[in-house]
Structures are given as C-alpha cells and as structure tokens.
Asker: 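Take this structure first; my questions come after.
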Amino acid sequence: MDPEEKHEAEEKTLPELPGAEKGKVVMRLAPYPSGALHIGNARMVVLNDEYVKRYNGKLLLVFDDTIGTTLSKIDDPKAKYVIPEAYDLIPEGLEWLGVKYHEVHYKSDRVEIYQEEAGKLIDKGDAYVCNCEANDFREKYKRPGKDCPCRSKSLEYHQEMYEKMKDGQIEEQGAVVRLKTGMDQKDPAMRDHILMRISDAPHPRIGTKVRLWPVLEWSWGLDDHLLGVTHIVRGIDLRKEGEVEKFIWDLKGWKHAHIGLYGRLKFSGDFKLSKTLARQKVHGGEYEGWSDPRTWSLQSLSARGIQPNAVRKALLDLGMSNRGIEFDKDWIYSKNTKMVDENANRYWFVEKSRPVIINNIPKDSFVAKPLLHPGFPKKGSRKIPLGIKDGSCEVFITEADLSEYKNKKGKILYPQMDKDQIVRFKDMFNVQVEEMGNPIRVNFHSQKMTHNSRKIQVVPKKDSIRVRVLQPDGIVTQGFGEPTLKSLTIGDIIQFERYGYVKIKEISDKEIYGYFTNN
RNA sequence: GCUUCCAUAGUGUAGUGGUCAAGCAUUUGAGGCCCUCACCCUCAGGACUCGGGUUCGAAUCCCGGUGGAAGCACCA
C-alpha cells in the first residue's frame with residue numbers, strides 16, 4: 001500500500017437527504033443580519049452548502065431580516081435587531097467559506113405577502129386576532145389548554161381588528177394574529193402559535209413603512225413553499241418552527257419540504273459566542289471591529305489566519321447528529337496547523353522577557369543562522385547578529401524558561417534554572433549560569449551542542465523589535481522578536497517558535513502586531 | 001410542570017442483528033526525526049449509560065431506570 005494513502009484520514013460523508021434528486025434540490029441559508037456570522041452559524045452554512053454541492057442544487061441566501069424586538073423593548077440588552085453592516089458582513093463571511101449561493105432574497109421585501117396571506121387565513125377562520133395580554137394568554141389559556149375569549153368571536157370582528165392592526169389603530173402589544181393550531185395540542189409549544197405581531201421599530205432597509213410583521217414560523221411556512229425550497233437543514237432549536245410550518249403546509253395543501261435537524265453546539269472555555277455581545281463591543285469600540293478575535297466571527301478567523309477549509313472540515317466532521325455537542329476548537333486548530341505549517345516560516349519571539357548578560361564570549365562577533373523552516377532547509381536561514389562588545393552581550397529570554405518545564409501530565413522534563421546549570425541558547429552556544437539575578441548573568445561555556453541539553457529561546461537585544469499578539473481571549477502577549485521580523489509582509493502567517501502561529505496585522509519600525517492563529 | 005429528542009473512549013464521530021475481542025479524528029503518553037515543547041513518522045492508552053427482555057447471536061430490536069439536550073416568546 002502506498003504509505004501516503006495508508007495514513008489518510010477517512011473523509012466523513014454526510015447521510016443522504018431523503019428524496020433528494022440531483023439538480024432538483026433547493027436549499028436556503030437564513031441568517032438574521034444582526035452581526036457577522038460566527039462558528040455557530042457556520043455549521044448551518046457549511047451543511048447546507050455541502051448538500052447543495054453534492055446534489056448539484058440551488059442555494060438561496062434569504063436574509064431573515066424581520067423586525068426582531070419591538071420598539072418598546074429595544075433598549076433591553078438582549079434586544080435583537082438588524083444592523084445595516086450585517087448585510088455586507090454575512091456575504092463576506094460566506095465568500096470566505098467558499099459558499100456559492102444562487103439567489104438573494106430579503107424578508108423585509110416580502111412583508112406584504114405575509115400580511116395578505118394572514119388576512120386570507122382569518123377570512124377562512126383558520127387564524128384570529130387575539131388581544132389577550134401575553135402573560136394572561138400563557139397562564140390562563142395556553143398552559144391549561146383552554147380557548148381564550150378572542151378565539152370564538154365573529155369573523156367580522158377579527159377581520160375588522162386585523163385592519164386596525166395594519167393601519168395603526170392598535171398599538172404595539174395590543175393584538176396579535178394567532179394560527180388555530182389548536183389549544184388542545186398535547187405540546188404546549190404548539191398551541192395557537194402567533195403569526196403576526198405589531199412593531200413600530202424602524203427597519204434599516206424599509207424604515208417604518210411596515211408595522212405588522214410576521215414571526216419566523218409564518219414567513220418561512222410561506223416562503224419555503226413560495227421559493228421552492230425542497231430541503232431544510234437547521235438547528236434542533238428550530239424544531240417547533242418546523243412543526244408549525246408543516247401545519248401551515250397541510251392547511252394550504254402544499255407538499256412538505258424535508259426538514260433535517262442537527263444538534264446545537266455548546267461552547268466553553270475562552271469561547272464567548274454571542275452576536276449580541278459582539279455587536280455591543282464592536283460598536284462600543286472595545287473590540288478592533290468585526291475582525292477582532294474575541295468576536296469569533298468568520299472575519300476574525302480570517303484575520304487570524306485560520307483556513308476556511310479547516311473550519312469547513314471540522315464542522316462537517318460533526319455530521320448531522322441531533323444531540324448537543326461540546327465544541328472543541330482544537331478540531332479546527334489541528335486541521336489548521338496541518339494546512340498552515342508548510343508555509344509558516346519560523347521566527348524568534350520571547351514573551352514576558354527577562355534580560356540576560358552573557359560574558360566571557362571568546363569571539364568578536366557571532367551571527368546565529370537558524371533555518372526559516374526546519375522542514376524545508378532549502379528555504380534558507382535568517383541571520384541574527386549577537387552584537388558582542390568586549391566579550392559580552394545582552395539578550396532576552398522568556399520568563400517561562402526560568403522555571404521547570406513539565407509536560408501536560410506534570411512530569412518534569414527540565415528542572416528550574418539555577419546557578420552553575422548549563423543550558424543551550426538555541427542556534428548559538430551553551431552557557432553556564434553565573435547568577436540568577438536581574439539581569440541574569442551567564443558565561444559562555446562551549447560551542448558544541450550536547451544532545452539532551454535544555455534549549456532556550458533567545459532574542460538578542462541588539463536591533464530587537466517589540467512584538468504584540470492579540471489572542472482570542474482578549475489577552476495581548478508582549479515581548480521582543482528578532483530583527484528579521486521587519487522584513488515580513490502584512491498578512492503573513494508565521495510561527496513563533498514554541499509559541500504558536502501568528503498572522504501579521506501591522507508592522508512598523510518599532511513594533512510588530514499580530515493576531516494569534518493557533519498553537 | 002407539560003411536550004419532544006438523544007445516549008459509542010476526555011471531546012466528537014463511524015457503526016442499523018453475526019465480518020465489532022468496535023474503526024477514525026482530536027486529546028494524552030512513550031519513542032524516532034530534530035539546535036522549537038512545532039511539523040512529520042512509529043507505537044501505546046482510552047468507549048458501546050444501567051437493568052431487564054427478544055434472539056442461536058445485540059453497540060445495533062423492545063421495555064424500564066438514569067443522564068443530557070431542545071421547545072413551551074408579540075426573538076430568530
């Protein structure tokens with residue numbers, strides 16, 4: 001067997017979609033434009049895109065830009081509303097992921113359809129205007145499964161009320177249109193679900209032209225049929241929505257689209273995935289825009305040097321299972337490392353630097369020549385002069401190299417640095433510790449490398465450059481890097497040895513600024 | 001409380017009655033390569049939630065327990 005082939009990981013394949021015919025599959029992406037897409041949203045995107053590509057189908061991008069939170073509740077910190085820049089951020093993220101969509105629609109352009117159809121339902125007695133207070137409806141009628149007084153009023157009354165909802169005679173919260181899914185439904189979630197409600201909040205695209213808005217179930221119940229969607233793949237949190245849609249399709253006598261549900265991702269650790277929170281911090285200026293790693297937006301992953309295919313594959317590996325998944329960013333990171341490593345040149349960087357004076361160097365000058373990439377010696381090496389004066393020079397090492405080095409299970413691989421200890425300054429020479437003060441003083445010991453010596457990352461003070469790296473948890477690591485860093489280009493993905501991969505964002509004479517890719 | 005859904009190593013996933021003494025990824029450990037604790041290579045560790053059935057035979061089917069998730073919004 002070809003050794004290349006032998007270790008190739010098995011490509012995961014998604015299950016077939018029921019009733020899917022090549023060339024006839026129509027699916028849709030339905031993002032709510034309240035911010036940039038993040039990894040959680042990306043699962044929906046990647047799954048739909050993957051199926052459309054497999055069946056050679058058509059993918060619709062439908063901005064689910066209904067009004068969201070009503071005007072009276074718009075100041076709530078958890079309020080959901082459309083932000084104008086999201087109309088650009090979303091396609092930008094899709095393009096980055098390599099998603100091709102064939103049509104673009106906006107819910108906000110289609111409100112008349114939802115209004116008109118709701119009117120028809122009222123005329124047929126399948127829906128009614130309800131002016132119960134929300135809490136009352138829930139406690140007095142929904143929970144016990146009893147009809148509310150509005151339900152049995154005359155057709156004429158409901159028709160008249162519906163007109164009043166549209167023309168402004170009824171205020172926000174004053175009335176809603178309910179579908180007669182039935183108050184006797186076993187599942188309380190399904191009892192007389194709302195179709196339309198009033199909001200006076202201004203919409204970024206259409207202003208206050210419309211005040212009677214549909215809820216998700218109603219707009220999609222209509223649009224999935226009207227736009228010809230054959231297969232829906234969405235999160236299981238939208239399960240009830242699918243059930244309401246089916247009820248609507250049956251009412252209309254429409255063929256059902258097939259609905260596939262996948263489980264929700266749970267993020268823990270330094271994941272703080274919230275579009276709303278991201279929006280607040282971006283707008284408040286606390287974050288460096290939507291590309292800030294702390295947003296976990298697709299834009300931010302791009303800015304960090306995460307490869308879109310790493311995200312795609314990691315998400316596709318999860319398949320279509322509908323149970324809750326504790327998402328581990330290592331799945332993306334490990335795939336990303338494999339993609340990025342070959343082209344990531346190596347450089348020296350020490351964070352939390354400590355000064356070290358080297359004495360008794362028996363040379364007038366010394367130039368370290370570490371390889372740009374140990375896996376590809378042909379790429380050549382950097383040249384880093386030490387700057388020796390009278391047999392002495394100053395360098396920086398990282399604080400972490402002072403203490404003992406343990407593996408992740410706690411086994412000590414190297415002891416704490418101490419007087420008389422001999423260590424290797426990588427790509428330079430061996431030194432013996434003279435004094436563990438500040439600065440630390442060491443003496444040149446020997447040139448030849450001994451095999452198992454502790455190798456320490458060193459940056460010569462001469463011509464060194466300040467380095468800052470922003471991590472996804474918001475922490476900025478600072479330190480000094482080797483002078484050759486100045487020759488990098490913005491956008492380069494490099495590896496700081498023993499630190500991790502970094503994408504360069506800004507370069508000046510004094511400082512390099514980068515976003516942490518992964519380690 | 002009411003409706004559902006799910007249950008394979010630490011985290012995910014493959015597996016739909018015999019070919020499973022359970023495959024893969026990631027994580028972890030040992031070693032190799034190596035002037036990185038990276039990459040790459042080799043090896044190793046680690047799982048079918050429990051209890052009953054059905055069956056010649058169950059990770060796979062049935063029932064019950066337990067555990068987890070989702071919904072019960074004038075959000076999406």
Side-chain angles (χ1 to χ4, degrees), chain A residues 3 7 9-13 30-32 34 64-70 72-73 76 78-81 130 132-134 137-138 142-145 172-178 185-191 193-199 213 215-217 219-220 235-241 243 261 263-264 266 275 313-314 317-319 321-328 330-335 337-338 340-342 344 346 348 368 370-371 373-376 400 405-409 411 413-414 424-430 449-451 453 455-457 495-501 519:
Chain A
H7 297 292
E10 287 170 12
E11 281 291 320
K12 195 142 298 170
T13 43
Y32 187 66
S34 60
D64 205 351
D65 60 343
T66 51
I67 199 63
T69 305
T70 51
S72 56
K73 292 180 182 167
D76 190 297
K78 286 182 179 172
K80 280 186 185 174
Y81 50 84
C130 171
C132 292
E133 204 266 321
F137 185 83
R138 186 186 332 125
K142 178 184 272 192
R143 284 206 199 281
E172 258 192 18
Q173 316 289 321
V176 293
V177 177
R178 289 187 187 277
Q185 288 270 1
K186 268 169 66 182
D187 182 352
M190 288 295 290
R191 291 173 192 158
H193 206 277
I194 288 175
L195 256 27
M196 307 283 292
R197 69 328 184 330
I198 298 165
S199 172
W213 290 88
V215 295
L216 184 147
E217 293 83 344
S219 67
W220 278 115
I236 198 164
D237 53 320
L238 260 25
R239 191 179 161 282
K240 173 204 67 182
E241 283 67 16
E243 296 306 311
L261 302 171
R264 297 294 283 173
K266 278 181 293 183
K275 260 198 218 175
K313 284 184 180 172
D317 272 356
L318 308 183
S321 91
N322 64 359
R323 60 180 120 138
I325 292 173
E326 206 166 303
F327 190 86
D328 191 338
D330 281 349
W331 300 327
I332 291 178
Y333 285 0
S334 68
K335 284 178 164 53
T337 295
K338 290 170 184 25
V340 143
D341 183 75
E342 184 175 330
R346 272 51 172 173
W348 288 342
L371 291 168
H373 195 309
F376 303 89
Y405 178 69
K406 302 178 192 170
N407 68 13
K408 284 173 188 171
K409 281 263 173 88
K411 184 181 164 189
L413 268 29
Y414 299 111
R424 175 74 174 181
F425 281 178
K426 191 174 166 293
D427 292 294
M428 291 181 183
F429 41 71
N430 308 313
M449 188 185 68
T450 42
H451 202 64
S453 56
K455 286 156 200 128
I456 286 179
Q457 184 77 67
Q495 188 206 59
F496 283 136
E497 291 184 30
R498 298 161 76 192
Y499 175 80
Y501 301 90
N519 45 18

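We name chains A, B, ... by the order of the sequence lines, and we start the count at 1 in each one.
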Asker: Tell me what A/Lys142 touches on the nucleic acid: a base, only sugar-phosphate, or nothing, going by heavy atoms under 4.0 Å.
Answerer: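 Sugar-phosphate: the residue A/Lys142, judged by heavy atoms under 4.0 Å, touches backbone atoms but no base.
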Asker: I need the CG-P distance between A/Asn407 and B/rG29, as an integer number of Å.
Answerer: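 Taking atom P of B/rG29 as the reference, CG of A/Asn407 is at 5 Å.
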Asker: Would you call A/Asp341-A/Arg346 a salt bridge at under 4.0 Å N-O?
Answerer: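 Judged by the 4.0 Å cut-off on N to carboxylate O distance, A/Asp341 and A/Arg346 do form a salt bridge.
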Asker: Roughly how many Å is it from CG in A/Asn519 to C1' in B/rU26, rounded to a whole number?
Answerer: 14 Å
Asker: Quick one: is A/Thr66 getting a side-chain N or O under 4.0 Å of the B/rC75 phosphate, OP1 or OP2?
Answerer: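 It does not, given that no N or O in the side chain of A/Thr66 lies less than 4.0 Å from OP1 or OP2 of B/rC75.
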Asker: Under 4.0 Å between a side-chain N or O of A/Arg197 and OP1 or OP2 of B/rC75?
Answerer: yes
Asker: Round to the nearest Å and state the distance from A/Trp331 atom CH2 to B/rU27 atom P.
Answerer: 12 Å
Asker: Within less than 4.0 Å of OP1 or OP2 of B/rA7, is there a side-chain N or O belonging to A/Asn322?
Answerer: no
Asker: Report yes if at least one side-chain N or O of A/Lys411 is closer than 4.0 Å to OP1 or OP2 of B/rA30; otherwise report no.
Answerer: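 Looking at the OP1 and OP2 atoms of B/rA30, one of them is under 4.0 Å from a side-chain N or O of A/Lys411.
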Asker: Could you state the CG-P distance from A/Asp237 to B/rC6, rounded to the nearest angstrom?
Answerer: 16 Å
Asker: Does A/Lys80 put a side-chain nitrogen or oxygen below 4.0 Å from OP1 or OP2 of B/rA73?
Answerer: no
Asker: On the nucleotide B/rC40, are OP1 or OP2 found under 4.0 Å from the side-chain N or O atoms that A/Lys338 carries?
Answerer: yes
Asker: Tell me whether the side-chain N/O atoms of A/Arg323 come closer than 4.0 Å to OP1 or OP2 in B/rU13.
Answerer: yes
Asker: Quantified in whole Å, what is the P atom distance between nucleotide B/rC2 and nucleotide B/rA25?
Answerer: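 One P to the other, the span is 45 Å.
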Asker: Could you tell me the separation between the NZ atom of A/Lys426 and the C1' atom of B/rU36, rounded to a whole number of Å?
Answerer: 5 Å
Asker: With respect to the phosphate group of B/rA73, does any side-chain polar atom (N or O) of A/Arg138 fall under 4.0 Å of OP1 or OP2?
Answerer: yes
Asker: How many Å lie between CD on A/Glu497 and C1' on B/rC34, as a whole number?
Answerer: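 For the pair A/Glu497 CD and B/rC34 C1', the rounded distance is 11 Å.
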Asker: For B/rA38, which nucleotide is its Watson-Crick or G-U wobble mate, given both distances must be under 3.5 Å?
Answerer: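 Base-paired to nothing in any strand shown.
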Asker: For B/rA22, which nucleotide is its Watson-Crick or G-U wobble mate, given both distances must be under 3.5 Å?
Answerer: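 Looking at the geometry, B/rA22 pairs with no nucleotide.
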Asker: Cation-pi check, A/Arg178 to A/Phe137: give yes when NZ or CZ is under 6.0 Å from the six-membered ring centre and within 45° of the ring axis, no otherwise.
Answerer: yes
Asker: With respect to the phosphate group of B/rC2, does any side-chain polar atom (N or O) of A/Lys186 fall under 4.0 Å of OP1 or OP2?
Answerer: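 No, A/Lys186 has no side-chain N/O under 4.0 Å of OP1/OP2 on B/rC2.
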